[in-house]
**Student:** 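One structure, as structure tokens, below. Some questions next.
Because only heavy atoms are used, hydrogens play no part in the values below, and waters and symmetry mates are left out as well, while side chains stay in.
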Amino acid sequence: MPELPDVEIFRKEAEMSKNSEITGFEIDDKDFVELNQSKFNNNLKGKKFKDTLRRGKYLFMKVDDESGIVMHFGMTGFLVYKKENDDAPDYTKCSFVLKNKHKLHYISKRKLGHVKYVGKIGDFIEENDIGPDVLELSEAEFISKLSEKNSMVKSALMDQSTVSGIGNVYADEILFQSEVHPKQKANKLDEKKWKTLHKNTVKVLKKAIEKNADVSKLPKSYLLPNREEGNDCPKCEGKIEKIKVSGRNGYYCPSCQKK
DNA sequence: CATAATGTTTAAGA
DNA sequence: GTCTTAAACATTAT
């Protein structure tokens, strides 16, 4: 479930591999992993992960100031740090082996993510048009980004080049708490709604990180633990309905979130 | 067996 | 060209 909060949890997992010599790289699916053995030997072997950096849904693991590993988790990817004799999880695609024999495993059930080496992380961000991390933005910056979009507000929130980190699931929660209809045009909202959206974006994402990105542990008053068609709205007498926006299924409460 | 799934990229419309 | 939207992508679980 990799949206911003999930990737933040993976980042913390990756932190455990920091400052230990990287001695090996195991590839389980060479068609998927965009880092081969010789590239590993030339750029990573013998070095250490010095720092981790998350931007939106991307995770970077730096081996020096500019270069390192970039990971994206698609819809089903995750990262796990294991001690010496633990088995790699099912669907492990590749693993970094550290000097103490501990391993950092990248797992993906569907092949929609990426693992690769980049020489210049800054260039990678620019080339892929990855927008500013939504938790790094000030309210004013957030509003100026959103108010420029003529698209449906849900699509705007999920557009990674506008602001990065929000996906289909958390977008539903942010809109629910802000009482904004997902198909409302982003640039047609008023100043007050934009502010509300920003406030709830920060609140929801931080709460999710606090709960280890486990949606079921979110407060009962949230939409996500109840995110199913026909369920009772946690805030009013209405029922949750399914709605398709830009080809993705979402859920909302028609009586709380009016157009 | 058909469908839907947290992701992004693409191609098509406007 | 630019912006927005829907389909396509690959694979698995239901």
**Student:** Is the number of heavy atoms from other residues, nucleotides or ligands within 6.0 Å of NZ (A/Lys116) greater than 12?
**Tutor:** yes
**Student:** Check the distance between B/dG7's P and A/Asp172's CG and give it to me in whole angstrom.
**Tutor:** 10 Å
**Student:** What's the NZ-C1' distance between A/Lys183 and C/dA6, to the nearest Å?
**Tutor:** 12 Å
**Student:** Provide the distance between the two P atoms, one in C/dT4 and one in B/dT6, to the nearest whole Å.
**Tutor:** 23 Å
**Student:** Is the phosphate of B/dG7 approached by A/Gln160 (side-chain N or O, under 4.0 Å from OP1 or OP2)?
**Tutor:** no
**Student:** Is the ring centre of A/Phe73 less than 6.0 Å from the ring centre of A/Tyr106?
**Tutor:** yes
**Student:** Does B/dT6 have OP1 or OP2 sitting under 4.0 Å from an N or O in the side chain of A/Tyr251?
**Tutor:** no
**Student:** What is the distance, rounded to the nearest whole Å, between atom CG of A/Leu224 and atom P of B/dA5?
**Tutor:** 14 Å
**Student:** Are there over 12 heavy-atom neighbours, none belonging to A/Glu228, within less than 6.0 Å of that residue's CD?
**Tutor:** no
**Student:** Tell me whether the side-chain N/O atoms of A/His72 come closer than 4.0 Å to OP1 or OP2 in B/dT8.
**Tutor:** yes
**Student:** Given atom CG of A/Asn187 and atom C1' of C/dT2, what is their separation to the nearest angstrom?
**Tutor:** 15 Å
**Student:** I need the minimum non-hydrogen distance between A/Asn43 and A/Val63, along with the two atoms involved.
**Tutor:** O-CG2, 4.4 Å
**Student:** Name all pairs fulfilling the side-chain hydrogen bond (donor to acceptor under 3.5 Å, both in side chains) condition that reach into residues 128-137 of chain A, sequence neighbours left out, sorted by first residue then second.
**Tutor:** A/Arg54-A/Asp133
**Student:** What would the secondary structure line of DNA chain C be in dot-bracket form, counting Watson-Crick and G-U wobble pairs under 3.5 Å, with [ ] for pairs that cross earlier ones and | for pairs with another strand?
**Tutor:** .||||||||.||||
**Student:** Within this structure, what is the NZ-to-P distance between A/Lys185 and C/dC3, rounded to whole angstrom?
**Tutor:** 14 Å
**Student:** Considering non-hydrogen atoms only, spot the tightest contact between A/Phe25 and A/Leu35 and give its length.
**Tutor:** CE2-O, 3.4 Å
**Student:** Do any side-chain atoms of residues 230-244 of chain A form donor-acceptor pairs under 3.5 angstrom with protein atoms, and if so which ones, sequence neighbours left out?
**Tutor:**
| from | atom 1 | to | atom 2 | distance (Å) |
| --- | --- | --- | --- | --- |
| A/Asn231 | ND2 | A/Asn226 | O | 3.2 |
| A/Asp232 | OD1 | A/Lys239 | NZ | 2.7 |

**Student:** Before we go on, tell me: are the rings of A/Phe176 and A/Tyr222 under 6.0 Å apart, centre to centre?
**Tutor:** no
**Student:** Find the distance A/Ile130:CD1 to B/dT9:P and express it as a whole number of Å.
**Tutor:** 8 Å
**Student:** Minimum heavy-atom separation for A/Glu3 to A/Gly167, with atom names?
**Tutor:** OE1-N, 2.8 Å
**Student:** Between A/Lys149 and A/Asp159, does any side-chain N to carboxylate O distance fall below 4.0 Å?
**Tutor:** yes
**Student:** Base, backbone or nothing for each nucleotide of nucleotides 9-14 of chain C, written B, S, -, heavy atoms under 4.0 angstrom, 5' to 3'?
**Tutor:** BBBSS-
**Student:** Strictly below 4.0 Å, heavy-atom distances to any atom of DNA chain C: list the hits from residues 146-158 of chain A, or just say none.
**Tutor:** A/Lys149, A/Asn150, A/Ser151, A/Met152
**Student:** For the pair made of CG in A/Leu223 and C1' in B/dT6, what is the distance, rounded to whole Å?
**Tutor:** 14 Å
**Student:** What integer number of Å spans the P atoms of B/dA11 and C/dA10?
**Tutor:** 14 Å
**Student:** Would you mind telling me which of A/Gln177, A/Glu173, A/His198 makes a side-chain hydrogen bond (donor to acceptor under 3.5 Å, both in side chains) with A/Lys203?
**Tutor:** A/Gln177
**Student:** Can you check whether A/Asn249 has a side-chain N or O nearer than 4.0 Å to OP1 or OP2 of B/dA4?
**Tutor:** no
**Student:** Could you tell me how far apart A/Asn128 (CG) and B/dT9 (P) are, to the nearest whole angstrom?
**Tutor:** 6 Å
**Student:** So with a 6.0 Å cut-off around NZ of A/Lys120, is the heavy-atom count from everything else above 12?
**Tutor:** no
**Student:** Measure across A/Ile209 and A/Glu8 and return the closest heavy-atom pair with its distance rounded to 0.1 Å.
**Tutor:** CD1-CG, 3.8 Å
**Student:** Verify the neighbour count for atom NZ of A/Lys82: are there more than 12 heavy atoms of other residues, nucleotides or ligands below 6.0 Å?
**Tutor:** yes
**Student:** Taking DNA chain C as the partner, which of residues 238-248 of chain A come within under 4.0 angstrom of it by heavy atom?
**Tutor:** A/Ser246, A/Gly247
